[in-house]
Amino acid sequence: MSAPHVITLYGARGIGFRWTRRAGNHRIVGAATEDYASKQGAVKNMITANADVEDCVIRDVTGLVSPRSRAARTDLSRGPLGGAE
């Protein structure tokens, strides 16, 4: 069995959020094509662009989220929607 793909959500140059998807061999196989002003926007794009997102490992390395935002309340370890699908 091959290693799962890893999707990493990160802060982009201090002005927004992006994501990248890496295959088990560590090559980038997908990425956000623009900066998103909100983490929620980046997560929504990540879900839309990756139909099999539930089979991927999600890493959130942003650390830049306001505690009031919906994205801050999202537990990405239980899935991109915090198990609310």
Side-chain angles (χ1 to χ4, degrees):
M1 178 178 227
S2 63
H5 286 204
V6 177
I7 302 174
T8 304
L9 183 65
Y10 62 94
R13 298 181 302 275
I15 59 170
F17 298 90
R18 284 184 171 242
W19 59 268
T20 57
R21 179 176 178 160
R22 291 183 182 267
N25 63 3
H26 305 288
R27 292 182 185 232
I28 294 176
V29 294
T33 58
E34 61 184 270
D35 294 332
Y36 289 87
S38 70
K39 181 177 175 181
Q40 183 178 1
V43 169
K44 183 176 178 181
N45 176 259
M46 177 182 73
I47 292 167
T48 301
N50 296 281
D52 64 341
V53 72
E54 295 296 327
D55 298 328
C56 299
V57 174
I58 309 293
R59 290 181 52 226
D60 181 0
V61 296
T62 57
L64 304 173
V65 182
S66 164
R68 290 183 157 174
S69 72
R70 178 177 181 270
R73 296 188 306 268
T74 300
D75 179 2
L76 292 178
S77 67
R78 295 185 343 198
L81 297 178
E85 295 92 298

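Quick caveat: nothing in here was measured; it's all calculated off a predicted structure.
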Notebook entry, point to check: How would you list, by chain and number, every residue that makes a side chain to side chain contact (heavy atoms under 4.5 Å, CB included) with Ala49, sequence neighbours excluded?
Noted result: Trp19
Margin query: Return the CZ to CG distance between Arg59 and Leu9, rounded to the nearest 0.5 Å.
Written below: 10.5 Å
Check: With respect to Ile7, which candidate in Thr20, Ile58, Asp60 satisfies the side chain to side chain contact (heavy atoms under 4.5 Å, CB included) definition?
Finding: Ile58
Check: CG of Asn50 to CG of Asn45: how many Å apart, nearest 0.5 Å?
Finding: 8.5 Å
Item checked: Sub-4.5 Å side-chain heavy-atom contact between His5 and Asp52 -> no
Item checked: Heavy-atom pair with the smallest gap, counting every atom of Gly41 and Ser38 -> N-OG, 2.9 Å
Note to self: Nearest 0.5 angstrom please: Glu54 CD to Ile47 CD1, how far?
What the structure shows: 8.0 Å
Notebook entry, point to check: With side chains defined as the heavy atoms from C-beta onward, is the minimum distance between Val43 and Phe17 less than 4.5 Å?
Noted result: no
Margin query: Could you report the tightest heavy-atom contact between Pro4 and Asp55, atom names first, then the distance?
Written below: CB-O, 4.1 Å
